Amino acid sequence: MGRQLVGTKSSARTPKTMEMPSAPEVNEPTTVSPSAAPFDREQAIREAAYACFEARGCEPGHELDDWLRAEALVQQAGGGAEPMTH
């Protein structure tokens with residue numbers, strides 16, 4: 001003796017999909033005005049160290065060498081203060 005619903009409309013709404021701007025590709029350079037953001041020396045070193053890693057064929061085990069070489073390259077390019085010595 002169950003009830004049978006006939007012609008019942010659902011009050012639930014279908015959610016709207018929000019369009020999100022697409023994120024840049026991983027290796028896609030971003031364009032930033034020099035006056036918009038200060039020079040980020042550490043980020044420049046990270047990018048240079050990764051370039052060194054790729055130039056070696058992505059072989060792991062030389063992270064410190066890549067980082068030190070990247071620091072020297074950024075320093076030669078005029079990228080900020082002297083590296084910190086410990």
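Keep in mind that this is a model prediction, so the values were computed, not measured. Just so you know, residue 1 is the first one in the sequence shown, and it goes up from there.
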- Here the pair of heavy atoms bringing A70 nearest to A49 is CB-N, 3.3 Å
- In one Ile/Leu/Val/Met/Phe/Trp/Tyr side-chain cluster, 4.5 Å: V74, W67: yes
- Can Q43 and E47 be said to form a side chain to side chain donor-acceptor pair (under 3.5 Å), step by step? CA-CA 6 Å; Q43 182 62 30; E47 291 172 5; 3.1 Å; yes
- Tell me, do I45 and E42 make a side-chain contact under 4.5 Å, heavy atoms counted? no
- Distance, nearest 0.5 Å, that separates NE2 of H62 from CG of L68: 13.5 Å
- Message: Run R56 and D65 through salt bridge (Lys or Arg N to Asp or Glu O under 4.0 Å) and show every step you take.
- Response: CA-CA 11 Å; R56 281 187 300 93; D65 294 332; over 6 Å; no
- Message: Check this for me: does any side-chain nitrogen of one of R46 and D40 sit under 4.0 Å from a carboxylate oxygen of the other?
- Response: no
